[in-house]
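Each chain gets a letter, A, B and so on, in the order its sequence line appears, and its residues count up from 1.
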Amino acid sequence: MNWRSRLGLLTLVLLAGLTFGHAALTALDALPECPFGADPGMPYETVCGQVIGGLWRSLLLGVTAGAGSCLAATALALFARRLGGRFELGIEKGAELFFSIPDLLVLIVLGFVSRAVWGGEGVTLPFMIASLVAIGWAAPTRMVQNRLRSLERLDFITAAHAIGVPRTRVLLRHVLPMAWDYLLAIFLLRVPAIILTESTISYLGFGLPLDQPSLGRYLGGHWQLLATDDWVKVAPAWALLALLVVAFHQVGRGLLDRAEEAR
Amino acid sequence: MPISAVLVYLLVVNLPFRQDSDRKIATSENDAIALRAQVLGSGGVQDAFVPWKRLFSGESVGLAGQPFTAKDLGRAASLSLGLGLIALLLALAWALLLAVARVQLAASRVGFLLEVIPGLVFGSPLFLLAVVAALLAIAFGVSFTGSHLLAAAVMALGPGTFLGVVWSDALRAEAARPYFLAALARGCSRRQALLKHALPNALPALLDAAAPVASSLLLGSFVAENFFQLKGFGLVYLEAARRVDAGVVVVATTLFAAVLILVSLAVELVRLLVDPKARDAAKETA
């Protein structure tokens, strides 16, 4: 890994430490006073509490939805490679078709469904995670399919097929372990994309409710303060969001480069 | 996209609309019946395009108190289309500037800054870029609410930067080819060789990026129209989805689908015009 990826990894560890540290201090009732004061929208909450809570929710959303979409993509790609032929072509074309649909449009429709069925001004955290998984499987599926296809061309895989090792066993025991670093890189690159998408959808009013904000929801509800003397109440959320996105991107990029070099 | 439009339609007609609610969106029993009637009509496949039929027959779609006629929707759509076209021009201009600067100034001190720009744009949610644009407008004493040009500029930033990166990568690849080196050897300046020889050959790379750019402009219109409060189609769609206004959501989704399909077709036609390889491939297929 290069120095940028290492710095990204260190940033992620520090951000995770910040959320856990804040939770531990809250539980011990030993939180120091927040230097940014109270949240103007919710005076009984501090800016620090809202922003670090938002960081935790953004991390949770990004990691779980990223993991969910990458797991779904890997399972689909493995099925496609195992069955081959028309089934594989169907999954490939289906993923391409779904990828051409703008993510935000699907999320707005899902937000509309949530309002129509369950009411309320925002969606729940599990609904948001499920929605993000639902929109995020297509691009990784195509990438994993291509990766598995290229790995299956290696000599020892051909040899395994030649001596009669079942195709499923070859895929799961020999091909998949060689793709782990690539899958991890795809996952790490999906996380910032998910966090940014969630931020935008929250700003448009189809995200989490304002009393349980993610970083994007907090920014979407408070951006007007940037034009006032209270801009310091928004700056920490913006800085944390940028740090989170850039750190995940750098670590993912580093791993992807390493996976390509190893190939 | 047509599949997504059909799926949205099927989803909407099968929704169990809430009938009692303490929220702002009124969905009383009558509203719920009205919502379903707008989409389903009397029920059955023959009524699959009820909202469109209503519009074509001069009636309105939308909840009571928020009706939209074909004229209203057409006005909103033309505003969005105008914004989209201005944004596309701005995006192309920004992309060209960024691409040439990234290729020409790669080795200079400014080169590092030019590498940071894509990271900043892709690493920030679009609405925060809109906030920055609004703050700049305030600093220059310009009112940002209702500013069409500022909205188009915000819409153009993401797709323009993306195109700029794609274009500069293509230009770098062209600059390493023998014809480019031959042009330099014959006394052509680097800038001249880039603009006169490499640029036309790098154009097909832009066409490959056209579909994501169209999607990006569409999404940009949601954010920019919402932020700058412009009554375009994006804002109409967002407000309809917030009000749970099924008729308008179905009409808008099918219209978005149609626009994206038309863009894809237009891109393929332009590709045939500008890319000889694509023309040859089409002839072979025929």
Verify the neighbour count for atom CZ of B/R172: are there more than 12 heavy atoms of other residues, nucleotides or ligands below 6.0 Å? yes
Would you indicate whether A/W56, at its atom CH2, is surrounded by more than 12 heavy atoms from other residues, nucleotides or ligands within a distance under 6.0 Å? no
Side chain, backbone, both or neither: which part of A/L241 has a non-hydrogen atom closer than 4.5 Å to chain B? side chain
Any side-chain heavy-atom pair of [X] and [Y] under 4.5 Å:
X	Y	value
B/F222	A/T200	no
B/L238	A/F206	yes
A/Y203	B/L126	no

To the nearest 0.5 Å, what is the distance between CD1 (A/I108) and CG (B/L219)? 7.5 Å
Rounded distance [0.5 Å steps], CZ in A/F112 versus OG1 in B/T253: 8.5 Å
Side chain / backbone / both / neither for B/L128 at chain A, heavy atoms under 4.5 Å: both
Side chain, backbone, both or neither of B/V223 within contact of chain A (heavy atoms, under 4.5 Å): both
From the list A/L219, A/V246, A/D103, the residue making the most non-hydrogen contacts under 4.5 Å with chain B is A/L219
